Amino acid sequence: MAQKVTPKILAGFMELLPSEQLVFDEMKALIEKTYQSFGFVSLDTPVLELSDVLLAKAGGETEKQIYRFNKGDNDLCMRFDLTVPLARYVAQHQNDLTFPFKRYQVSKVYRGERPQKGRFREFYQADIDIIGSEKLSVIYDAEMPAIMYHVFQKLGLERFCIKMNNRKLMNGFYESLNLTQEAPEISRIIDKMDKIGIENVKACLKDLNLSDELIEKIVSFTAINGKATDVLAKVKTVGIQNDMFETGLNELEIVANAMQDLGVPETHFEIDLKITRGLDYYTGTVYETFVDGHQGWGSICSGGRYENLAGYYTDRKLPGVGMSIGLTRFFDLLRDQKMITPQKSTAADVLILPMDENATAYALKLAHLLRTNDINVQTYASDGKFKNKMVYANKVGVPFVIVLGEDEVANKTVALKNMQSGLQELVAYDQVADVLKSQLELQMKDKKKLIVQA
RNA sequence: GCGAAUGUAGCUCAGUUGGUUAGAGCGCUGGUUUGUGGUACCAGAUGUCGUGGGUUCGAGUCCCAUCUUUCGCCCCA
């Protein structure tokens, strides 16, 4: 016997079973639908880009993680995020696009890093961005988190919080302390507060040769967080005289107010002066989203405002604001916590079980009829004991089964069985579609949300 | 890139100080009489104990190497 090859996939790649895939697809569809409800259109850029293009700006950590290779004379890269391809796209097609340009993209990206829990080498990002020409209203900075709020609402996630901050505010703050140079390093340390604790943060700051007085100022200022109105009031009393600081503060206030107008309750967003985001291209508002009780997950949805998206490709100034859900990680964590429950492994609403060969033609015609009525139908074509067909129906979790035997064929009826209740009724052939539709609608009504949070 | 663990049936794991035919639960297959599943009962299949080498009369159990996967750090979704 020939040696068999072990069937397996690479580490850091996620592959789902049918029941899970159905949930994932539903989640993805719901996200896209919500994005569309704000007028965004989808974009589908290539997985591969020329290295020159993709790495125009790269450097540091990201570059190390990029899948890069040669094919013929081409030096190629697999995209590691969706923002750089967006920049390329907007720069390339700037004359054909209408600004503000609103696009979303739910696609896979690739990073060759060490796989760990929640860290994949291939994963979905669900990005949404608005790009303006020369200028872009700060109102859009409020629209972004509002969209995300509605996304999570629709998914059924109830307890979460979108935390935001403003880089201008922070840079202004550091500028007022004459710490412009050290600001990025300080931010990185402050960001670790929850993880390593206040004493370690102070120790790290001390290593930067900061005076105790400065450290105290920084730590107490960045400790400000909570309800937007409270934070804004507090920040105003700190009394910092700096133009950039004022601008940032003003932006934060506009965004916080607009978010409420957009239907985001104050319970679901906060201002947190510790948030800065690692990526250096953010220049204004920044966001991170946390699920209550699961801070360890990190941010499941982040983003921010960038003043110049495509500076490496064009002289035209293209400011934008965007957010992104790490869909693969989010899904993986939800599944891990049993916050999503795969139910069925078929897309069919109804499974038709012909008793024997004599019912096959009748079954196929019925299936066709139902499909023309927008019902997903599967017919079971194999022979075998009838019981096994029922077992199959049960395993795939199909909500309805239609049994077709000698009697049904003769009388032009069907036996329609609700698999959940176990009840079965005899329905005339002509009425099956209507009856089934109304029953499916009933089931839709008391369908639970995708995500159930304990 | 640095550090630490793991590896026994499809899955989750047990396997006593090395001792003969390697186990459990779940899952899977079949059955409990012929047009009805989910519960119950009965029966059954499945492993070169990650791979290679070594110690030993004898290794799933000890040693070495290697691969795999996982977990920290870094960075991030």
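In what follows, chains carry the letters A, B, and so on, assigned in the order in which the sequence lines appear, proteins first and then strands, with residues in each chain numbered from 1. Since this is a predicted model, take the numbers as computed values, not measurements.
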Measuring to OP1 and OP2 of B:C74, would you say a side-chain N or O of A:K192 lies under 4.0 angstrom away? yes
(request) Mind telling me whether A:Y392 and A:Y380 have parallel, tilted or perpendicular rings, with 30° and 60° as the class edges? (result) perpendicular
Paired to B:G23 by Watson-Crick or G-U wobble criteria (both distances under 3.5 Å) is B:C13
Taken to the nearest whole Å, CG/A:L416 to C1'/B:G35 is 16 Å
By nearest-heavy-atom nucleotide on RNA chain B, the more 5' of A:M355 and A:R188 is A:M355
Separation of B:U36 atom P from A:Q424 atom CD, nearest Å, is 10 Å
Between B:U46 and B:U32 - C1' atom distance, rounded Å:
24 Å
Which whole number of Å gives the distance between the C1' atom of B:U21 and that of B:C26? 25 Å
Rounded to whole Å, CZ of A:F386 lies from C1' of B:G38 at a distance of 15 Å
**Message:** When the C1' atoms of B:U20 and B:C28 are compared, how many Å lie between them, rounded to an integer?
**Reply:** 31 Å
Item to complete: Please state whether the base of B:G37 and the side chain of A:N394 form at least one donor-acceptor pair under 3.5 Å?
Response: yes
Exactly one of A:L442, A:V432, A:I375 clears side chain to side chain contact (heavy atoms under 4.5 Å, CB included) with A:K437, and that residue is A:I375
Worksheet entry | B:U39 and B:A5, which share atom name C1', separated by this distance in whole Å | 42 Å
Just N and O in the side chain of A:K385: are any of them under 4.0 Å from OP1 or OP2 of B:G31?
yes
*asked:* Within the 4.0 Å heavy-atom criterion, would you say A:D407 contacts the bases, only the backbone, or no part of the nucleic acid?
replied: base
Testing B:C76, B:G35, B:G37 for proximity to the side chain of A:M390, the answer is B:G37
Side-chain-base donor-acceptor pair under 3.5 Å for A:Q65 and B:G1: no
If the C1' atom of B:G52 is compared with that of B:U68, how far apart are they to the nearest Å? 14 Å
Only one of A:D356, A:V391, A:V403 passes side chain to side chain contact (heavy atoms under 4.5 Å, CB included) with A:F386, and that residue is A:V403
In whole angstroms, the gap separating P of B:U36 from CG of A:N388 amounts to 12 Å
Just N and O in the side chain of A:K395: are any of them under 4.0 Å from OP1 or OP2 of B:C28? yes
Taken to the nearest whole Å, CG/A:L17 to C1'/B:G10 is 11 Å
- request: Could you give the distance separating B:G47 and B:C13 at their C1' atoms, to the nearest angstrom?
  value: 15 Å
Q.
Tell me whether A:E158 at atom CD has more than 12 heavy atoms from other residues, nucleotides or ligands lying less than 6.0 Å away.
A. no
Distance, P atom - from B:C57 to B:G72, rounded to whole angstrom:
45 Å
The answer to which of A:R121 and A:P115 contacts RNA chain B further toward the 5' end, by nearest nucleotide, is A:P115
Among B:G35, B:A77, B:G37, the one nearest any side-chain atom of A:E406 is B:G35
Checking N1-N3 plus N6-O4 or O6-N4 for Watson-Crick, or N1-O2 and O6-N3 for wobble, each under 3.5 Å, the partner of B:U46 is none
Suppose you measure atom P in B:C74 against the same atom in B:A40; what distance do you get, rounded to whole Å? 49 Å
Q) Taking C-beta and beyond as the side chain, do A:I271 and A:L273 meet within less than 4.5 Å on heavy atoms? A) yes
Would you state whether a donor and an acceptor, one from the side chain of A:R119 and one from the base of B:C75, lie under 3.5 Å apart?
yes
Would A:K102 and A:F38 count as a cation-pi pair here, with the cationic atom under 6.0 angstrom from the ring centre and within 45° of the axis? no
What nucleic acid atoms does A:G422 come within less than 4.0 Å of, heavy atoms only: base, sugar-phosphate, or nothing? base
Rounded to whole Å, the CG-C1' distance (A:L351 to B:G37) equals 11 Å
Here the distance between atom C1' of B:A77 and atom CZ of A:F160, to the nearest Å, is 17 Å
Separation of B:G35 atom P from A:L426 atom CG, nearest Å, is 18 Å
Looking for any heavy atom pair under 4.0 Å, which part of the strands does A:F120 touch: base, sugar-phosphate only, or nothing?
base
Other residues, nucleotides and ligands only: do more than 12 of their heavy atoms fall within 6.0 Å of CD on A:E406? no
Discussion item. What I want to check is whether an N or O donor and acceptor connect the side chain of A:K417 with the base of B:G37 at under 3.5 Å.
Written reply: yes
Do A:F269 and A:Y149 have ring centroids that are under 6.0 Å from one another?
-> no
Checking B:A77, B:G37, B:G35 against the side chain of A:V403 (C-beta onward), the nearest is B:G35
When all nucleic acid strands are considered with a 4.0 Å heavy-atom cut-off, which category describes A:T328: base, sugar-phosphate, or nothing? nothing
Applying the 3.5 Å cut-off to both distances, the Watson-Crick or G-U partner of B:G3 turns out to be B:C71
With sugar-phosphate meaning primed atoms plus P, OP1 and OP2, does A:E122 contact a base, only sugar-phosphate, or nothing at under 4.0 Å between heavy atoms? nothing
